There are 2 protein chains.
Amino acid sequence: MNLQEGREKFIQTWGTLGSNWGINRTMAQIHALLLISPEALSAEDIMEQLKISRGNTNMNVRALMDWGLVFKELKAGERREFFYAEKDMWKVAMQVVKERRKRELEPLFGTMTDLKKVKDASAEGQQFESTIANLDSVIAKADKTLDLLVKADESWFMNNFLKLMMK
Amino acid sequence: MNLQEGREKFIQTWGTLGSNWGINRTMAQIHALLLISPEALSAEDIMEQLKISRGNTNMNVRALMDWGLVFKELKAGERREFFYAEKDMWKVAMQVVKERRKRELEPLFGTMTDLKKVKDASAEGQQFESTIANLDSVIAKADKTLDLLVKADESWFMNNFLKLMMK
DNA sequence: TTTTTCTTTCAAAAAGTATTGAAAGTTTTA
DNA sequence: TAAAACTTTCAATACTTTTTGAAAGAAAAA
C-alpha cells in the first residue's frame, strides 16, 4: 500500500467510523484529511481532495470548528482561510468526550430529574421507578468518571497516573 | 408528570439518545419499553404499545437479542414468544461496551496494521506516519482500558475498586 | 393431514439525512 | 465607490436508512 492508497483508506475508514457513531461521514472525512495534512488547507483544497461541493465543505468545516477539533489559520498575505486539525489523538479523544458530555449528558440530567418525580403504585409504576433510579445512578457514575478523565488531561499527576493504569 | 407520560418521555428520550450514537431509533425504543415493563412482552404487545409494524418489531427485537440486551422467555402453555430486557443498567452499559469493542475496535486493528506499513519520505508521508502511529497508540490504550473495565465487572475486587474510584 | 397461530423475510414505499450549486453576503483590494 | 475574491446560506435534489405489509415459512393443534 503506497501513500496515496493509505491516505484514501484512512479517510474512508475514519468516515465509516464516524457514521457508526452518529457523526456525519463527510465531517469525519474532512477531519481525517486534515489530520494527515502537514499544512493547513483551504476550502478549495478540501473540495478538490475529497471531491465535494463548496457548501458541503463549508458546513462541515464549521461543524468541526464547533467541536473544537479544527482551527482557522490566517496566512500572511493570503486572503482565504486555511484550516488545520489538532493532531494529538489523545487530545482529540478528550475533546470529543468533553463535547459529547456537554451536548448529551447535560440535557439528560434535566430529563432524569423529571422522570424521577413520577410516582405510581402499580407494578408498572414500580418497575418504572426502579429502572429510572438505577439508570440515574449509572449515568451519574459515568459522568463523574468522564469528568475525572477529562480533568486528568489537565493535571500532570492524574495524567501520569492514568497513563500508568492503562499501560 | 404521570406514569403514562413518564413512560412515553423515557421511550422517546432513549430513542433519541440511541440515534445520536448510531443505533436505530426503533431498536432503542423497544429496548426502553422492555426496560420499564415488569413482565416479558410479546411481539404483539410491542407493536401495539409503540405503534409499529410486525416486520419492524421482529427485526429490531432480533437485533436487541444479537446485542445481548434482550432475551426470549418461553411461557408454559403459551405458543408465542415473550421478550424481556436485562434491567441492571451497569450490566447493560458493560454489554454495549463489549459489543462495540468487538464490532468496531477489533476490525480497526487490522486496518491500523495495514496503515502502519505505509512508508513515504515526503512531508505528507511523514505526517501520515506520525498521525497513524499516534492514533494507533491511543486506540491500543482505549482498548486496554475498556478491557479492564469489562473484566472488572467480572471480578469482585476490581468491581469494588472501580466503584470506589467513581464515587 | 389440514388448519391455525405465530415468526420471518423482503421488495416497495416512506421518512430521514446529506449534498449540491447558484445566489446572496462579506471583506478586501483597486 | 466598484470590482474582485472569497464565504455563507438554503431550496431543490440525491442518497441512505428505516418501515411497512403481504407473502412465505415454521411449528403446534385439530
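Below, chain A is the first sequence line, B the second, and so on; all start at residue 1. These figures come from a predicted structure and were not determined experimentally.
Closest approach of A/A28 to A/G18, counting heavy atoms only: CB-CA, 4.3 Å.
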key: Verdict with reasoning, A/Y84 to A/F71, per ring pair (Phe, Tyr, Trp, His ring centres under 6.0 Å)   = CA-CA 6 Å; A/Y84 65 96; A/F71 309 92; 5.7 Å; yes
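B/S42 and B/D45 form a side-chain donor-acceptor contact under 3.5 Å, judged by distance and modelled atom types alone. For the 3.5 Å distance criterion, the side chains of B/E8 and B/Q4 qualify, holding a donor opposite an acceptor. Between the side chains of A/R62 and A/N58, at least one donor N or O lies within less than 3.5 Å of an accepting N or O. Between B/Q127 and B/T131, the side chains place a donor N or O and an acceptor N or O closer than 3.5 Å (distance only, hydrogens not considered).
Under the salt bridge (charged side-chain N to carboxylate O under 4.0 Å, His left out) criterion, B/E39 pairs with no residue, sequence neighbours left out.
In terms of phosphate contacts, A/N24 brings a side-chain nitrogen or oxygen within less than 4.0 Å of OP1 or OP2 of C/dT19.
No hydrogens or angles were tested; on distance alone, a donor-acceptor pair under 3.5 Å links the side chain of A/R79 to the base of C/dT27.
Put simply, CD1 on B/I46 is 15 Å from P on C/dC6, counting in whole angstrom units. The interatomic distance linking B/M59 (CE) with C/dT8 (C1') rounds to 10 Å, in whole Å. Remark: C1' of C/dT27 and NZ of A/K72 are 12 Å apart, rounded to the nearest angstrom. For the pair A/K75 NZ and C/dT28 P, the interatomic distance rounds to 18 Å; values are reported in whole Å. Rounded to an integer number of Å, the gap from CZ of B/F82 to C1' of C/dT7 is 14 Å. Look at CG on A/N58: it is 13 Å from C1' on C/dA24, rounded to the nearest Å. Taking atom CD1 of A/I23 as the reference point, atom P of C/dT17 lies 15 Å away to the nearest angstrom. Straight-line distance from the CG atom of B/N56 to the P atom of C/dA14: 16 Å, rounded to whole Å.
Mapping heavy-atom proximity under 4.0 Å, the span of DNA chain D touched by chain A runs 5' to 3' from D/dA4 to D/dT9.
Here A/R54 lies in heavy-atom contact (under 4.0 Å) with a base. Here B/S42 lies out of heavy-atom contact (under 4.0 Å) with every strand.
Of the two residues near DNA chain D, A/E44 and A/S19, the one whose nearest nucleotide lies more 5' is A/E44.
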